[in-house]
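Every value quoted in this text rests on a predicted model; they were computed, and no experiment measured them.
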Amino acid sequence: MPATLATGGRVLTPASRDATALAWEEGQVVWAGSDAPGPALFPDAHHLDLAGDWVAPPFVECVVGGVDTDTTIDAATAAASGILLTGLAAAHGPDAVADRAREGERVVLEPGTEPTRLAGELTRLADELGRPAVARCTPILIGAAEISDDDLAALSAVGTVLLLRPLVDDLTGLDLVRIAASGVALAASVRAGSEVRPWDALRALTRVPGGRGLSPRAAFTATTRGARRAAGARDGLSGTLAPGAPASFARWQTGDLAVVAADDAVQRWSTDPRSGVPPMPDLTGPDPVLRALVVDGEPAGRAE
């Protein structure tokens, strides 16, 4: 099949901060950039007019069921909100960590696991098996809990992912800026029971009192690429629109995009392109409207 070339939009991609066009073929992104060179690069492509819409990786929900919840999420409902479902492995208690790590299985701690206990166990296993062997298990710590600097360093050393549930757990007092700076990867769920509310999840992650919340860009990464990683993706591309990544994205109708920059510990919205930070939909406004969801290059849902 020929490539598809979409132009006239606003595309969130590491390939270009100001991308307005995206091309994909056989389920993979093959190019992202400005509109002008697209037709020459892909003369036989099927053309799609994005009509100014914002195109970005889809939200990913990896807490599908069985992790401190009795409810499941309907795939069609998720797709109508621009969300892909990619379930975690079954959660377990800390007593199972050693055996699972030695067998090379995923390590997904049940909510409420004490971070200090997990950090100590993973450090011991790293001494026994080597850090790369433990990191290949991608340890997942679920929920919001205070974590000391020493524990953060130990968790970061073996590639631990902290999976936040901003619509379930109270994030007050949690310093997400400090955690992100420690090297511990962040992922985030966008569900609350059987509901999925991705834009409210972003707002919760960015509005932790005391200036301890994430930037909108970092929050979005946690709900896309971070959630993909928590679910087991290790290719470094899933959850992005970089060339070579799966052609999975959501197309959103929204207003002006903006950049959040720190100013004396107070976050403020800006549209200044000199910041170098990719712009995002303004979280102080209404939710963007999903126009289409594409998964591996194929239409998967729309909400028009």
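Residues Thr254 and Arg10 are in side-chain contact: their nearest non-hydrogen atoms beyond the backbone lie under 4.5 Å apart. Annotation: side chain of Pro139 is in contact with side chain of Leu122 (closest heavy-atom distance under 4.5 Å). Taking the side chain as every heavy atom from C-beta outward, Arg251 and Trp54 never approach each other to under 4.5 Å.
Looking at Thr221 and Arg217, their side chains do bring a donor and an acceptor atom within 3.5 Å of each other. Using modelled atom types, one finds a donor on one side chain and an acceptor on the other under 3.5 Å when comparing Ser189 with Glu61. Between the side chains of Thr172 and Asp170, at least one donor-acceptor pair of N or O atoms lies under 3.5 Å. Between Thr284 and Asp282, the side chains place a donor N or O and an acceptor N or O closer than 3.5 Å (distance only, hydrogens not considered).
Under the side chain to side chain contact (heavy atoms under 4.5 Å, CB included) rule, Ile142 has a single partner from Val161, Leu88, Leu109, which is Leu88.
Cluster annotation: Val97 is connected to Val184 through the hydrophobic network of ILVMFWY side chains, with a link wherever side-chain heavy atoms come within less than 4.5 Å.
Contact detail for Ala188 and Leu205: the closest heavy-atom pair is CB-CD1, 3.8 Å. Among all heavy-atom pairs drawn from Cys62 and Ala231, the shortest one is CB-CB, 4.1 Å. Residues Ala187 and Gly226 approach most closely at CB-O, 3.3 Å, considering heavy atoms. Minimum heavy-atom separation, Ala219 to Thr206: CB-CG2, 4.0 Å.
In summary, Arg124 and Glu121 engage in a salt bridge, as defined by a charged side-chain N under 4.0 Å from a carboxylate O. Comment: Arg197 does not engage Asp287 in a salt bridge, judged by the lack of any side-chain N to carboxylate O separation of less than 4.0 angstrom. Under 4.0 Å is where a charged nitrogen must lie from a carboxylate oxygen, and between Arg102 and Asp99 at least one such pair does.
Counting only residues at least two apart or on different chains, the side-chain hydrogen bond (donor to acceptor under 3.5 Å, both in side chains) pairs with a member in residues 228-241 are Thr138-Arg234, Asp235-Ser238.
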Would you mind writing out the side-chain donor-acceptor pairs for residues 25-34 within the sub-3.5 Å range, not counting sequence neighbours?
unit_1, atom_1, unit_2, atom_2, d
Gln28, NE2, Gly244, O, 3.3

